[in-house]
Number of protein chains: 2
Amino acid sequence: MTHPRPFSDVLARLKTVGLRPTRQRLALAKLLFDGEDRHVTAEVLHAEAQGAKVRVSLATVYNTLHQFTSAGLLREVVVDPGRSYFDTNSSDHHHFFFENRGTLQDIPEETVSLSGVPEPPAGTSISRVDVVVRVRDESESS
Amino acid sequence: MTHPRPFSDVLARLKTVGLRPTRQRLALAKLLFDGEDRHVTAEVLHAEAQGAKVRVSLATVYNTLHQFTSAGLLREVVVDPGRSYFDTNSSDHHHFFFENRGTLQDIPEETVSLSGVPEPPAGTSISRVDVVVRVRDESESS
DNA sequence: GTGTTTGCAAAGTGTTTGCAATTTA
DNA sequence: TAAATTGCAAACACTTTGCAAACAC
């Protein structure tokens with residue numbers, strides 16, 4: 001299965017997670033969840049909102065991305081020190097990171113997988129396992 | 001094998017990779033490569049140098065970490081947006097990241113592994129595969 | 001000597017914060 | 001109207017840069 005995206009009922013989503021459906025959040029949620037899965041940075045999403053004639057401040061974009069992440073609607077992906085990426089597919093999966101373009105792409109789950117998750121050190125529990133396959137254009141020097 | 005660390009001949013190392021053995025680089029290399037494998041941030045290394053009465057500016061620490069990384073003596077590990085970590089073990093291996101403390105630990109290579117590295121998208125080649133197992137103190141709220 | 005490296009301070013980047021004004025319920 | 005949310009601008013944390021002085025070969 002390619003990953004179901006059954007309802008883009010953005011309003012319902014916000015209610016479900018207990019966030020007030022403000023104009024800004026609705027607009028951002030629409031941009032994020034209305035189509036295919038996406039990987040965005042705050043700046044990109046902000047620019048996109050502007051482009052769509054939605055007035056939102058960058059600060060609100062940041063706040064919203066974090067609220068959505070806490071609510072489980074987004075997943076943060078760490079691939080670049082100094083830039084945060086958010087993935088609208090919050091389920092467990094791995095990523096290609098295109099170093100040249102600075103973009104992310106989901107890895108189809110059939111393709112890889114860990115053959116064994118290691119025992120976490122005593123007193124700790126695993127909060128998440130991230131797998132990032134960094135790729136670059138074939139021509140590039142290593 | 002636990003990972004051989006045969007020579008801490010810091011001077012020879014620098015020569016090998018074509019970096020002039022300046023006082024600063026020698027001192028930093030010593031701090032980095034003289035004992036066990038380590039995971040450091042620029043700030044930590046800088047503080048350590050200060051503690052060891054080595055006069056080095058933070059800018060030089062940054063420069064040096066990057067030069068060592070380009071030279072293959074270090075490997076950068078991305079686990080935190082807004083902070084760069086460098087690993088003195090530049091061989092291929094994976095990490096635990098302790099979210100509470102913000103520290104890294106190598107995962108013994110026997111323990112995990114990818115069961116299959118995915119085919120990189122056309123026109124690209126894999127530059128590296130990063131696996132980060134994020135752990136947190138058991139008591140912590142999720 | 002010549003080219004490299006250093007340190008400083010300034011500038012840069014991405015992100016967070018304080019708070020008054022606005023909006024939601 | 002009470003509580004939550006927004007936007008702005010200032011503050012932040014970390015990193016990079018420009019350039020003159022110091023250093024390595």
Side-chain angles (χ1 to χ4, degrees), chain A residues 10-31 39-50 52-71 73-74 76-86 97 102-104, chain B residues 10-31 39-50 53-71 73-74 76-86 102-104:
Chain A
V10 146
L11 207 161
R13 274 197 196 215
L14 291 185
K15 282 200 170 143
T16 302
V17 300
L19 291 171
R20 286 190 181 178
T22 64
R23 175 177 60 74
Q24 292 85 337
R25 294 211 270 239
L26 283 167
L28 294 178
K30 196 147 191 246
L31 288 173
H39 304 89
V40 302
T41 62
E43 277 202 54
V44 163
L45 184 57
H46 184 238
E48 214 169 283
Q50 312 273 259
K53 296 281 182 279
V54 178
R55 286 178 40 267
V56 206
S57 71
L58 185 54
T60 296
V61 171
Y62 274 108
N63 289 336
T64 303
L65 285 172
H66 286 134
Q67 290 155 353
F68 285 7
T69 300
S70 301
L73 301 179
L74 292 176
E76 190 173 358
V77 184
V78 182
V79 284
D80 189 353
R83 209 180 234 70
S84 288
Y85 289 77
F86 297 86
F97 179 59
T103 59
L104 284 165
Chain B
V10 147
L11 207 161
R13 274 195 196 215
L14 292 184
K15 281 199 171 143
T16 303
V17 300
L19 291 171
R20 286 192 181 175
T22 64
R23 175 176 61 73
Q24 291 85 336
R25 294 211 270 237
L26 283 168
L28 294 178
K30 196 147 190 247
L31 288 172
H39 304 87
V40 301
T41 62
E43 277 202 53
V44 163
L45 184 58
H46 184 239
E48 217 170 281
Q50 311 274 259
K53 296 281 182 283
V54 178
R55 284 177 42 265
V56 206
S57 72
L58 185 54
T60 296
V61 171
Y62 274 108
N63 289 336
T64 303
L65 286 171
H66 287 134
Q67 290 155 353
F68 285 7
T69 301
S70 301
L73 301 180
L74 291 176
E76 190 173 358
V77 184
V78 182
V79 284
D80 190 353
R83 208 183 236 68
S84 287
Y85 288 78
F86 297 87
T103 59
L104 284 165

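Letters A, B, ... mirror the listed sequences (proteins, then strands); counts begin at 1.
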Worksheet entry | Between CG on residue B/Leu28 and CG on residue B/Leu65, distance to nearest 0.5 Å | 7.0 Å
Discussion item. Suppose we screen for side-chain contact (heavy atoms from CB on, under 4.5 Å). Which residues come up paired with B/Thr41, at least two apart in sequence or across chains?
Written reply: B/Glu43, B/Val44, B/Arg83, B/Tyr85
Item to complete: Check the distance between C/dA11's P and B/Tyr62's OH and give it to me in whole angstrom.
Response: 19 Å
Worksheet item: Excluding sequence neighbours, so at least two apart, what forms ring-ring contact (aromatic ring centres under 6.0 Å, His included) with A/His39?
Response: A/His95
Response to the item:
Taken in chain and number order and not counting sequence neighbours, the residues that satisfy side-chain contact (heavy atoms from CB on, under 4.5 Å) with A/Ala71 are A/Val17, A/Leu73
Worksheet entry | For DNA chain D, stems built from three or more consecutive Watson-Crick or G-U wobble pairs below 3.5 Å | C:1-25 with D:1-25
Fill in: Positions of residues 78-85 of chain B (non-hydrogen atom under 4.0 Å from DNA chain D), listed by number
B/Gly82, B/Arg83, B/Ser84
Check: protein-nucleotides 2-9 of chain C nitrogen or oxygen pairs below 3.5 Å:
residue : atom : partner : partner atom : Å
C/dG3   : N2   : B/Arg20 : NH1          : 3.0
C/dT4   : O4'  : B/Arg20 : NH1          : 3.3
C/dT5   : OP1  : B/Arg25 : NH2          : 2.5
C/dT5   : O5'  : B/Arg25 : NH2          : 3.4
C/dT6   : OP1  : B/Thr22 : OG1          : 2.7
C/dT6   : O3'  : B/Gln24 : NE2          : 2.5
C/dG7   : OP1  : B/Gln24 : NE2          : 3.1
C/dG7   : OP1  : B/Arg55 : O            : 3.3
C/dG7   : OP2  : B/Ser57 : N            : 3.1
C/dG7   : OP2  : B/Ser57 : OG           : 3.3
C/dG7   : OP2  : B/Thr60 : OG1          : 2.6

Fill in: side chain to side chain donor-acceptor pair (under 3.5 Å) partners of residues 17-30 of chain A, not counting sequence neighbours, each pair once
A/Arg25-A/Gln67
Worksheet entry | A/Glu76: side-chain hydrogen bond (donor to acceptor under 3.5 Å, both in side chains) partners, not counting sequence neighbours | A/Ser84
Worksheet item: B/His66 side chain N/O closer than 4.0 Å to the phosphate oxygens (OP1, OP2) of D/dT15?
Response: no
Worksheet, complete the sentence: B/Ala27 meets the side-chain contact (heavy atoms from CB on, under 4.5 Å) criterion, sequence neighbours left out, with B/Val54
Worksheet item: Residues two or more places apart in sequence or in another chain: which of them pass side-chain hydrogen bond (donor to acceptor under 3.5 Å, both in side chains) with A/Ser57?
Response: A/Thr60
Discussion item. Using 0.5 Å steps for rounding, measure from the CG atom of A/Leu31 to the CG atom of A/Leu26.
Written reply: 11.0 Å
Discussion item. Going by the rule side-chain contact (heavy atoms from CB on, under 4.5 Å), which residues pair with B/Ser70 if we only count those two or more places apart in sequence or in a different chain?
Written reply: none
